[in-house]
Amino acid sequence: MIPYGRQNISQDDIDAVTDVLKSDFLTQGPAVPKFEAAIATHCSAAHALAVNSATSALHIACMALDLGPEDVLWTVPNTFVASANVGIYCGADVDFVDIDPATYCMSVLALAAKLETAKAQGKLPKVVIPVHFAGQSCDMAGIGALAQQYGFKVIEDASHAIGGRYRDAPVGDCAYSDICVFSFHPVKIITTAEGGVATTQDADLATRMDLHRSHGVTRDPALMDREAEGGWYYQMVDLGYNYRMTEMQAALGLSQMTRLDQFVERRNALAARYDDLLADTDAVTAPAQLHDSYSAYHLYPIQVADRARVFAELRAAGIGVNVHYIPVHLQPFYTKRGFARGDFPNSESYYDHAISIPLYADLSEADQDTVLAALKAAL
């Protein structure tokens, strides 16, 4: 089976993890700060906070922005459920903004129209989470301009997009957002097995996220309400969670970061080859790319007319295709909250025809040809 995605693990990665296992620290040691520094440097961000998943990173980002009851979070339906669920975790309401039918990312036009209506109704969102679907940045300049106009906060869900660029700057520099979140699940661009990072340029937000990822506990005298009683002293100054990343995960991520540019370059080359070899196939719609975006190409999603049949035939041929994603608003948890098919037609139409075909750094051109042959035979 040729999978739709898989990790690349080198001997250097294995050695890095083994070195940690032989060291004094398996958690809360030096590897996590080193990994955070590497992410911050790559993204031109002042701060990077590593946690045990991108879901955790999204959660502490929402907490740092004081999302809570009576607030509203907006995201897209075309994402994994976590992008919406973090709003529920904070007690907020969740709503959705439809996608651009060409890029599959949040539509700025749909966002602008929804904001105008929401303002008239007195129901503006506190936080908007655009999702950089498949590795391509959303139109962040457009979203950022609307954030300034309407006063909402922006968290970029860049789970798919580390190593990508927007307007010749790295995704994660938060030029148009308050916080940006990455995922390091094994099928993503780099991996820490499980893990995530939140980047920001705001020192106060970084401090708050740091507290929320580790029980709300601190030894920083500046954050305590009285003088420390001794070297053992700590205080819980806010409600937090145990979202910490381990030293083994961070060591793996730090080693993987040395190959990030190589991974993204290879993914782009493979995507360009798909583009060329599918150009004469009218039965396949390939993803459009913004002219000012350099995608990290986590996924290569296509659209076909008879998705169920093509999916089944590709799986039978040994091609591990997948579908990203079932629209969040159609999940039972959200239909019970009042959402229904027809609410977000672009996301639904994309889902009805979508298949993600294999794309990962180790994919050989021979295996890619096998994918293409099976796809064309199934059309």
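Everything numeric here is computed off the predicted structure, so don't read it as measured data.
Looking at heavy atoms from C-beta onward, Thr75 lies out of side-chain contact with Val328 at the 4.5 angstrom threshold. Looking at heavy atoms from C-beta onward, Ile99 lies out of side-chain contact with Phe344 at the 4.5 angstrom threshold. Two residues are said to be in side-chain contact when any heavy atoms from C-beta on lie closer than 4.5 Å; Ile155 and Asp178 fail this criterion. For the pair Cys174 and Thr199, the minimum side-chain heavy-atom distance is below 4.5 Å. For the pair Pro287 and Gln303, the minimum side-chain heavy-atom distance is 4.5 Å or more. At a threshold of 4.5 Å between non-hydrogen side-chain atoms, the residues Phe184 and Gln249 do not count as touching. Counting heavy atoms from C-beta on, the side chains of Val237 and Asp225 never come closer than 4.5 Å. Contact check for Arg6 versus Asp362: side-chain heavy atoms found under the 4.5 Å cut-off.
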Practice task
Would you please test Ser347 and Val76 for side-chain contact (heavy atoms from CB on, under 4.5 Å) and show each step?
Solution key: CA-CA 8 Å; Ser347 297; Val76 289; 5.6 Å; no

Practice task
Report the C-alpha separation of Phe152 and Tyr150 in whole Å, then their side-chain angles, then the decisive distance to 0.1 Å, and conclude whether the ring pair (Phe, Tyr, Trp, His ring centres under 6.0 Å) test is met.
Solution key: CA-CA 6 Å; Phe152 59 84; Tyr150 288 95; 7.1 Å; no

Problem - CA sep, side-chain torsions, deciding dist, call: Tyr360, Arg267, side-chain contact (heavy atoms from CB on, under 4.5 Å) - result: CA-CA 6 Å; Tyr360 49 94; Arg267 287 171 175 270; 4.1 Å; yes

Practice task
Take Ile2 and Leu363 through the side-chain contact (heavy atoms from CB on, under 4.5 Å) test and state the conclusion after the steps.
Solution key: CA-CA 9 Å; Ile2 301 173; Leu363 182 67; 4.0 Å; yes

Handout entry: Test salt bridge (Lys or Arg N to Asp or Glu O under 4.0 Å) applied to Lys123 and Asp93, step by step
Key = CA-CA 11 Å; Lys123 296 180 179 179; Asp93 288 330; over 6 Å; no

Problem - Intermediate values then yes/no, side-chain contact (heavy atoms from CB on, under 4.5 Å), Asn346 and Asn78 - result: CA-CA 9 Å; Asn346 290 345; Asn78 183 37; over 6 Å; no

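The number of heavy-atom neighbours closer than 6.0 Å to CD of Glu227, taken from other residues, nucleotides and ligands shown, is 12 or below. Heavy-atom neighbours of Gln121 CD from other residues, nucleotides or ligands within 6.0 Å: above the threshold of 12. More than 12 heavy atoms of other residues, nucleotides or ligands sit less than 6.0 Å from atom OH of Tyr243. Residue-environment remark: OH (Tyr234) stays at or below the threshold of 12 foreign heavy atoms within 6.0 Å. Within a 6.0 Å radius of NZ in Lys114, more than 12 heavy atoms belonging to other residues, nucleotides or ligands are found. Other residues, nucleotides and ligands contribute over 12 non-hydrogen atoms within 6.0 Å of the CD atom of Gln149. Counting non-hydrogen atoms of neighbouring residues, nucleotides and ligands closer than 6.0 angstrom, the CG atom of Asp276 exceeds 12 such neighbours. Around NZ of Lys376, the count of heavy atoms belonging to other residues, nucleotides or ligands within 6.0 Å exceeds 12.
Side-chain atoms of Glu156 never come within 3.5 Å of backbone atoms of Gly172 as a donor-acceptor pair (strictly under, hydrogens ignored). Asp71 places a side-chain N or O within donor-acceptor distance of the main-chain N or O of Gly68, the cut-off being under 3.5 Å. Judged by distance alone, the side chain of Arg219 and the main-chain N or O of Trp232 form a donor-acceptor pair under 3.5 Å.
In this pair, Phe96 and His329 present their aromatic rings tilted. The plane angle is within the 30 to 60° band. Between Tyr350 and Tyr104, the ring-plane angle classifies as tilted under the 30° and 60° cut-offs.
Contact record, Asp98 with Pro77: CA-CD, 4.4 Å, taken as the closest heavy-atom pair. Of all heavy-atom pairs spanning Lys126 and Leu67, the tightest one is CB-CD1, 4.1 Å. Across all non-hydrogen atoms, the minimal contact from Leu239 to Met63 is O-CE, 3.5 Å. The minimum heavy-atom distance between Asn268 and Ser295, with the atom names listed, is ND2-O, 2.8 Å. Counting all heavy atoms, side chain and backbone alike, Gly253 lies closest to Thr192 at CA-CG2, 3.5 Å. In terms of heavy-atom proximity, Ala50 sits nearest to Phe35 at CB-CD2, 4.4 Å.
A salt bridge links Asp369 to Arg273: at least one charged side-chain nitrogen sits closer than 4.0 Å to a carboxylate oxygen. Salt bridge present: Asp66 and Arg208 bring a charged side-chain N and a carboxylate O closer than 4.0 Å.
With rounding to the nearest 0.5 Å, the separation of CG in Asp12 from CG in Leu254 is 11.0 Å. Here CG of Leu223 is found 6.5 Å from OG1 of Thr207. Values are rounded to the nearest 0.5 Å. Atom OG1 of Thr103 sits about 5.5 Å away from atom CD of Gln136, to the nearest 0.5 Å. In this structure, the separation between CG on Leu375 and CD1 on Ile355 is 7.5 Å, given to the nearest 0.5 Å. Once rounded to the nearest 0.5 Å, the distance linking OG of Ser214 with CG of Leu49 reads 11.0 Å.
The hydrophobic clustering, which links ILVMFWY residues whose side-chain heavy atoms are closer than 4.5 Å, places Val197 and Met209 apart. Transitive grouping of hydrophobic side chains (ILVMFWY, heavy atoms separated by less than 4.5 Å) brings Phe311 and Leu314 into a common cluster. Both Tyr325 and Val94 sit in one connected hydrophobic cluster of ILVMFWY residues. Membership requires side-chain heavy atoms under 4.5 Å apart, directly or through other members. Under the 4.5 Å side-chain heavy-atom criterion for Ile, Leu, Val, Met, Phe, Trp and Tyr, Ile302 and Leu299 are members of distinct hydrophobic clusters.
No side-chain N or O of Asp139 forms a donor-acceptor pair with one of Tyr176 less than 3.5 Å apart. For the residue pair Gln289/Tyr297, the side-chain donor-acceptor check at 3.5 Å is satisfied. Tyr334 and Asn85 form a side-chain donor-acceptor contact under 3.5 Å, judged by distance and modelled atom types alone. Side chains of Asp202 and Thr200: a donor-acceptor N/O pair is absent below 3.5 angstrom, by distance only. For the residue pair Gln368 / Tyr300, no side-chain donor-acceptor distance below 3.5 Å is found, with atom types taken as modelled. Checking Thr191 against Gln7 by side-chain atom types alone, no donor-acceptor pair falls below 3.5 Å. No hydrogens or angles considered: a donor-acceptor pair under 3.5 Å links the side chains of Ser255 and Asp13.
Seen from the ring of Tyr351, Arg307 counts as a face-on cation partner, given the 6.0 Å and 45° thresholds.
Of the residues Cys138, Cys105, Ser159, Ser83, the one that meets the side-chain contact (heavy atoms from CB on, under 4.5 Å) test with Val131 is Ser83. Put simply, the residue from Val128, Val154, Leu115 that forms a side-chain contact (heavy atoms from CB on, under 4.5 Å) with Leu146 is Leu115. Tested against Tyr241 for a side-chain contact (heavy atoms from CB on, under 4.5 Å), the candidates His59, Arg213, His212 yield a single pass: His59. Each of His324, His298, His132 was checked for a ring pair (Phe, Tyr, Trp, His ring centres under 6.0 Å) with His160, and the lone residue meeting it is His298.
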